[in-house]
2 protein chains.
Amino acid sequence: MTNREKIKQEALKLFAEFGYHQTSVRMIAKNVGIRESAIYNHFPSKKDLFLELVHDGKKRVQAASYINEEMLELLNNPELFFTQFIDKVIEVWTKLEERMFTKMMIQAKFNSSVEFDLTLNDLFAGISNILEIVFEELRNYGYIKDYDNELLSEQFLAPLVVLKFRFLINNFFDKEQVLNYARKHASFFWEQIKL
Amino acid sequence: MTNREKIKQEALKLFAEFGYHQTSVRMIAKNVGIRESAIYNHFPSKKDLFLELVHDGKKRVQAASYINEEMLELLNNPELFFTQFIDKVIEVWTKLEERMFTKMMIQAKFNSSVEFDLTLNDLFAGISNILEIVFEELRNYGYIKDYDNELLSEQFLAPLVVLKFRFLINNFFDKEQVLNYARKHASFFWEQIKL
DNA sequence: GTCTATAAGGAGATAGAC
DNA sequence: GTCTATCTCCTTATAGAC
């Protein structure tokens, strides 16, 4: 791993834990094992380093896949589909890099310090889009009651978003516990909307 | 208004907007119209000032009432009850002081900088407790399906929490729009759980 | 590419006059 | 209680040797 990559890795870790402003270039350098000034050989400024992390994370978030071919074929068994979908979402969300990125993003969003081109909605857009397609299909099959796709998507997602925020803040989570919680909510949701 | 009160007012405003660390004692003093050193006549340190704001906010949150006698009598008309309950919650949540305090809290919680004695759950404990009582009553009356009170409470609350986070981040909201969104979700929720 | 040294400025906090 | 002046430390960033 090059020093440039190490810098990005440590920066993400520290930005996520302490926030952008509370993380100094000195801290990043120390964690990498180089001097502060060496960082400026790779990035013109602290802000540019941050923006590159945002850019990387944005691409990763947009590329994240919460669904595959096999799962789409499970749509005729919605309960099973949702179980697998939830597992996939939690699997992606609990990856260390994803957690650090989201935490860094949310902190930056809350205090209007650094401007950057990624909204909170962008973080959940991938899942929302899939959900709306899924509900459309389920409705066509006559499996669910007739509600607005967007409303259904928000209702399904909200408890998961709250769950995610909670474990990001606590900086600790038991993956099994998170999974159980998410499955319970998905199961409740399905019970409500099924025909 | 005394200078001490002014200091607290401006500090809350700035901590909410920029976060604890990104707000300097100098900024607070400037907004009040005094010199930095004068602040130390009222508070031994920046941290103490912050902790006093947390203490005040905590008391306010714990004292917040989302329900009254008349509303409890509406429990035999749950749909109307939930409409009024939602209106009350949004009314409390959209108050300037409440918004600033919550935003300050969440920022402080996300970057584990200052330690203080208030969890994110505390912020929503008041509403959760009422909801669990409400669901207990509604079940006794035979109005709703038999689900765990805690699960129902979380499902009801989650979309509202997400809504709150969203408008805190955007720092702007149209109260009518927020109300419509909240009512729509409450109405959906009621449709699902009613017998 | 990394180092040492340093600049320039902002931070929290204090001393002492009024 | 507020002021001016100041201390000490930490910040981002740069210059120039190796």
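Chain A is the first sequence line, chain B the second, and so forth, proteins listed ahead of strands; every chain is numbered from 1.
Both A:I169 and B:M104 are part of a single hydrophobic cluster, where members link through side-chain heavy atoms under 4.5 Å apart.
Here the nucleotide nearest the side chain of B:S37, chosen from C:dA15, C:dA5, C:dG12, is C:dA15. For B:R35, counting side-chain heavy atoms from C-beta on, the closest listed nucleotide (D:dT12, C:dA5, D:dC3) is D:dC3. For B:I34, taking side-chain heavy atoms from C-beta onward, the closest of the listed nucleotides D:dA13, D:dC3, D:dG1 is D:dC3. Between D:dA13, D:dT2, C:dT2, one nucleotide has an atom nearer to the side chain of A:H42 than all others, and that is C:dT2. Of the listed nucleotides (D:dT11, C:dT2, D:dT2), D:dT2 has the atom at the smallest distance from the side chain of B:N41. The side chain of A:N3 lies closest to C:dT2 when the candidates are C:dG12, C:dT2, D:dT4. Checked against D:dA13, D:dT11, C:dA13, the side chain of A:S24 finds its nearest nucleotide in D:dT11.
Whole-Å rounding puts the B:F43 CZ to D:dT2 P distance at 11 Å. A straight line from NZ of A:K46 to P of C:dG9 spans 19 Å, rounded to a whole angstrom. Rounded to whole Å, atom P of C:dG12 lies 10 Å from atom CD of B:Q22. Put simply, CD on B:E36 is 8 Å from P on C:dA11, counting in whole angstrom units. Computed from coordinates, the A:K30 NZ to C:dC3 P distance equals 14 Å when rounded to whole Å. In this structure, A:I39 atom CD1 and C:dT2 atom C1' are separated by 12 Å, rounded to whole Å. For the pair B:Y40 OH and D:dC3 C1', the interatomic distance rounds to 16 Å; values are reported in whole Å. In this structure, B:L49 atom CG and C:dA13 atom C1' are separated by 14 Å, rounded to whole Å.
No donor-acceptor pair closer than 3.5 Å links the side chain of A:T23 to the backbone N or O of A:F18.
Screening B:K13, B:K6, B:K8 against B:E10 for a salt bridge (charged side-chain N to carboxylate O under 4.0 Å, His left out) leaves a single residue, B:K13.
Enclosure of atom NZ in A:K30 is not indicated, since only 12 or fewer non-hydrogen atoms of other residues, nucleotides or ligands lie within 6.0 angstrom.
The pair A:D122-A:K58 does not meet the salt-bridge criterion, since no charged nitrogen lies less than 4.0 angstrom from a carboxylate oxygen.
One can find a donor-acceptor pair under 3.5 Å joining the base of C:dG12 and the side-chain atoms of B:R26.
The residue A:T23 sits close only to the backbone: its heavy atoms come under 4.0 Å of sugar-phosphate atoms, none of a base.
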